[in-house]
Amino acid sequence: MDYLYTLSGFAVGAIVGLTGVGGGSLMTPLLVLLFGVHPATAVGTDLLYAAMTKAGGTVAHGRKGHIDWQVTGRLAAGSIPAAALTIWVLSMLPEGSNTIGKVVSHGLGFALLLTAIAILFGRKLREYASQHDESPLRQRHLAHITVAVGALLGVLVTISSVGAGALGVAALFFLYPKLSPVRIVGSDVAHAVPLTLVAGLGHWLLGSVDWSLLGALLLGSLPGIWLGSHLSAKVPEHILRRILASMLVLIGSKLVFA
């Protein structure tokens, strides 16, 4: 079975390299629906997987000056406490029941549907934000709104492992339309590392991490990301993103309404 996990990691890694999104959005439902991994274990393992893979991206973006640390700090000020609080709430759920599994499964489906919307309508959201960027109300409360968005991401990511990528980028494009795309992505990747690490360690304390599964996924995903990144210039991105969004809608609907 390990080689199938590694192969899946390679496939998901290649999609991430091609489109820039799809890590948690595909990996977690793949583990749950295809391999029958318990939802909580799939989420906890994928969170640590994301923290490790995105740490390298943070170093690369940081060296090139592609991270706005103020924006990253605002998001983290909301997301880290929210992640810790969510872990505490999950720990309070009754042991021996499938309550956590149901919460995680439905949260995962909801997060996938939101991610699909962000992928499909990201450009229109950016255009709307650019037209309303000078609003006095928006400028006055921008820092507080960013912290609140971080808190929402913290809850979603901790429950589902989905949202730190596509949803985070969509939110930053909407809140900071004048920030260059590369700094948006860099800031989002930098924010995802502490968020997924805190949430992943929280799931580990709850007993929801499979370390051998994590190793198998990393073994496949790292070369997959490398290959996908090199092929990205040769494949029409808009087609891939639409296919990915359609897959997320189908998978998310199955999880929400199952």
Side-chain angles (χ1 to χ4, degrees), residues 1 4-5 8-9 11-12 15-16 21-51 53 79 82-120 151-168 170 192 195-214 216-217 221 243-258:
M1 184 63 76
L4 290 178
Y5 289 143
S8 299
V12 172
I15 292 173
V16 172
V21 296
S25 307
L26 289 177
M27 185 67 78
T28 305
L30 186 69
L31 292 174
V32 173
L33 297 176
L34 186 61
F35 293 108
V37 176
H38 188 278
T41 302
V43 167
T45 304
D46 185 59
L47 284 167
L48 289 182
Y49 160 82
T53 54
S79 66
L85 181 61
T86 304
I87 289 293
W88 177 78
V89 171
L90 290 176
S91 72
M92 292 294 105
L93 295 177
E95 295 183 13
S97 71
N98 196 34
T99 306
I100 293 181
K102 289 180 179 178
V103 170
V104 170
S105 183
H106 283 82
L108 174 59
F110 179 66
L112 291 175
L113 294 177
L114 283 179
T115 302
I117 292 171
I119 292 172
L120 289 174
L152 178 61
L153 287 173
V155 174
L156 274 177
V157 170
T158 304
I159 292 176
S160 68
S161 81
V162 176
L167 284 181
L195 170 56
T196 53
L197 182 60
V198 168
L201 290 175
H203 276 275
W204 174 50
L205 293 175
L206 295 177
S208 303
V209 173
D210 185 327
W211 293 100
S212 62
L213 171 59
L214 175 60
L217 294 176
S221 68
I243 292 173
L244 178 59
S246 301
M247 289 171 57
L248 296 184
V249 169
L250 291 173
I251 297 169
S253 300
K254 179 178 177 61
L255 288 167
V256 169
F257 301 110

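Nothing here was measured: the structure is a model prediction, and the numbers come from that model. We're numbering straight along the sequence, starting at 1.
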Work out which heavy atom in [X] is nearest to a heavy atom in [Y]; give both atom names and the distance.
X	Y	value
Val198	Ala83	CG1-CB, 4.4 Å
Ser212	Asp210	OG-OD1, 2.8 Å
Ser8	Leu30	CB-CD2, 3.5 Å
Ala42	Leu31	CB-CB, 3.9 Å
Val104	Ala40	CG1-N, 4.1 Å
Ala82	Val155	CB-CG2, 4.1 Å

pair [X]-[Y]: side-chain heavy atoms closer than 4.5 Å:
X	Y	value
Leu156	Leu114	yes
Leu4	Leu34	no
Ser208	Val43	no
Pro39	Leu108	no
Leu201	Leu197	yes

Quiz item: Under 6.0 Å from the CH2 atom of Trp88, do we count more than 12 heavy atoms belonging to anything else shown?
Solution: no
Rounded to the nearest 0.5 Å, how far apart are [atom1] of [X] and [atom2] of [Y]?
X	Y	atom1	atom2	value
Ile87	Trp204	CD1	CH2	13.0 Å
Thr196	His203	OG1	NE2	11.0 Å
Tyr5	Leu214	OH	CG	12.5 Å
Ile159	Ser105	CD1	OG	12.0 Å
Leu206	Leu93	CG	CG	9.5 Å
Leu48	Trp211	CG	CH2	5.0 Å

Quiz item: Any side-chain hydrogen bond (donor to acceptor under 3.5 Å, both in side chains) pairs touching residues 40-49, not counting sequence neighbours?
Solution: Thr28-Asp46, Asp46-Ser161, Tyr49-Ser221
